[in-house]
Amino acid sequence: MSELIAESITKSFADKQILQNVSFTVKEGEFVALLGPSGSGKSTIFHLIGGMSRPDEGTFSLDGKDITGQRGMISYTPQNPSLFPWRTIIQNVVLGAEIQKKPDYQTAQEMLEKAGLKGYENAYPYQLSGGMQQRVAFVRALLSPQDFICLDEPFSALDEFTRLEMQQWLLNIWQENKKSILFVTHNIEEALYLADRLLILSNNPATIKYDFSLPFVRPRDENLFLTEEFLQWKRKIYQALQENNHIPS
Amino acid sequence: MFFAIPNWLLPAPTDIFHEAVNGWDSYAHHLLSTSNLAVVGFVIGVSVGLVVSISLHLLPSVRQAVYPLLILSQNIPIIVLAPLLVIWFGFGVLPKIIIITLVCFFPIVVATLDGFRQTSPDLMHYMRMAGASKSQLFRKLEIPHALPSIFSGLKIAATYSVMGAVISEWLGANKGIGVYMTLAQSSFRTDRVFVAIVFIMILCLIFFAIIIGLEKVMLKGRRGKDE
Ligand SMILES: Nc1ncnc2c1ncn2[C@@H]1O[C@H](COP(=O)(O)OP(=O)(O)O)[C@@H](O)[C@H]1O
Ligand SMILES: [Mg+2]
């Protein structure tokens, strides 16, 4: 069980307003993408959900419980992998669990194998490629006891080929685990390919401009990118983003 | 000409070597005494230094007030306090331990606090989001992050401790390499002075090697700076 509701979130830094009345819901087992231009306040939304600071107005609730300003309620993958350089891969993936309770190395081992990281359990992060490090960070989020996962542009630093591979991998893993995911990205194709629902954030200050439900059936694979339906959606989203991008006078 | 230099001014390496071999019985106990002194002083100085730096780290307001003073006091050669300590505490072991503690203390405090200060903000952010408590942050992130820096401090402190021990012995003691050196000097046994210098260097190197060995074990698997 994990349903996140953000209600009328408003946040300013100094005298600059970043978020204006942001409301959305992520239902149980749902994959929701949050799409917005760089600097629009996507990471800020995560930091607020994670309790790094409190919103000026509004509340977050998880399964009906108010979690505004509370830390440790969600599992989270930051924009860069943030692996601990002195921990081996297996020690890294259990960290989220370790903070909350006793870590389960057996499950961790199995999950690493599923993530294609077998044989790297005792390697150190610097010995892994960027894509592998992102996978480790994501496995760490999956192994954390919280059922709600926030992913902050996990693939934006990867090259095109690795990214495609990772997206496919993420879908497979998610289909097995069915945790609720809120996925932040500034890549239209990525959002369309992965998500059940797509939220579009406007700029300056950010608010939820559109909330699209995507019709693509699962399981999905790369052929989806070439379908007419996908291209039409891409155009639609592109236009929706363009509307935002006028410079405010 | 070089060979005209008298032996009491600059003894031949062979003479020094002979003295080192034949005189072992006359200086072995001095060597042991100095090593003991240096080790005890080092352990106390490092312990006090670690406790102080961890306390300062956990009390940021106190640290802000004290840190500039610590840096400033680093510029005072601690050794100049030695005569004062002898006046206050006599010629026993206490003033010597205090001197060594003082010379070991500052490199440890400065290195440890620097290590804490440079904790990666990204990792800090992750830990906070994951709901880590203050004590978890400290044990799982700040301490391991500061370890390489702490080891730099330990290496400096290790060599300082030998130096501190010898100098404190110069000021008055009944045994130790410092005493052996002073006696050799006043009787113009330059070969013995050289033997003492060589052994002080060896002692420093051994201390240094022990710390490096410990570092290798504790920081196993960490990426070296040149990789
Ligand atoms: N702690 C902070 N203090 C001041 N300004 C901030 C802070 N965090 C973010 N901002 C500002 O908020 C805006 C949105 O940042 P961010 O949420 O990181 O954007 P995104 O993740 O969408 O690229 C940026 O203009 C950034 O400068
Ligand atoms: Mg961001």
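Any value given below was found using the heavy atoms of this structure, including those in side chains, with hydrogens, waters and symmetry copies removed. Per chain, numbering begins at 1; letters A, B, ... match sequence-line order. Please read all numbers here as calculations on a predicted model, not as lab measurements.
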- CZ on B:Arg128 to NE2 on A:His47, rounded to 0.5 Å: 12.0 Å
- Item | Contacts with chain A made by residues 85-110 of chain B (heavy-atom distance under 4.5 Å), listed by residue number | none
- Message: Can you tell me which portion of A:Gln70 sits under 4.5 Å from chain B's heavy atoms? Options are side chain, backbone, both or neither.
- Response: neither
- Over 12 foreign heavy atoms within 6.0 Å of NZ, B:Lys155: yes
- Query: Does A:Lys118 NZ have over 12 foreign heavy atoms under 6.0 Å away?
  - Reply: no
- Task: Report the distance from atom CE of B:Met129 to atom OG of A:Ser75, rounding to the nearest 0.5 Å.
- Result: 9.5 Å
- Task: With a 4.5 Å heavy-atom cut-off (strictly below), which parts of residues 47-56 of chain B touch chain A? List them by number.
- Result: none
- Do other residues, nucleotides or ligands put more than 12 heavy atoms under 6.0 Å from the CD atom of A:Gln175? yes
- For A:Glu98, does the CD atom sit with more than 12 other heavy atoms under 6.0 Å from it, leaving out its own atoms? yes
- Query: Around atom OH of B:Tyr27, are there more than 12 heavy atoms of other residues, nucleotides or ligands at under 6.0 Å?
  - Reply: yes
- With a cut-off of 6.0 Å (strictly less than), are more than 12 heavy atoms of other residues, nucleotides or ligands near CZ of B:Phe17? no
- In Å, rounded to the nearest 0.5 Å, how long is the span from CE of B:Met127 to CZ of A:Arg71? 12.0 Å
- Return yes when atom CE of B:Met218 has more than 12 non-hydrogen atoms of other residues, nucleotides or ligands closer than 6.0 Å, and no otherwise. no
- Message: Under a 4.5 Å cutoff for heavy-atom pairs, which residue among A:Tyr76, A:Trp86, A:Tyr124 has the most contacts with chain B?
- Response: A:Trp86
- Message: Within this structure, what is the CG-OG distance for the pair B:Leu123 and A:Ser82, rounded to the nearest 0.5 Å?
- Response: 5.5 Å
- Item | Interface residues of residues 134-149 of chain B facing chain A - heavy atom cut-off under 4.5 Å | B:Gln136, B:Lys140, B:Leu141, B:Pro144, B:His145
- Task: Could you please state which residues from residues 29-37 of chain B sit under 4.5 angstrom from chain A, measuring non-hydrogen atom to non-hydrogen atom, sorted by number, or 'none'?
- Result: none
- With a 4.5 angstrom heavy-atom cut-off, could you sort out which part of A:Leu83 is near chain B: side chain, backbone, both or neither? backbone
- Task: Tell me, yes or no, whether the heavy-atom count around A:Tyr120 atom OH, taken from other residues, nucleotides or ligands under 6.0 Å, exceeds 12.
- Result: no
- Message: On a heavy-atom basis, which atom in B:Tyr126 and which in A:Gly96 lie closest, and how many Å separate them?
- Response: OH-CA, 3.7 Å
- Message: Any side-chain to backbone donor/acceptor pair from A:Gln100 onto B:Gly131? Under 3.5 Å, distance only.
- Response: no
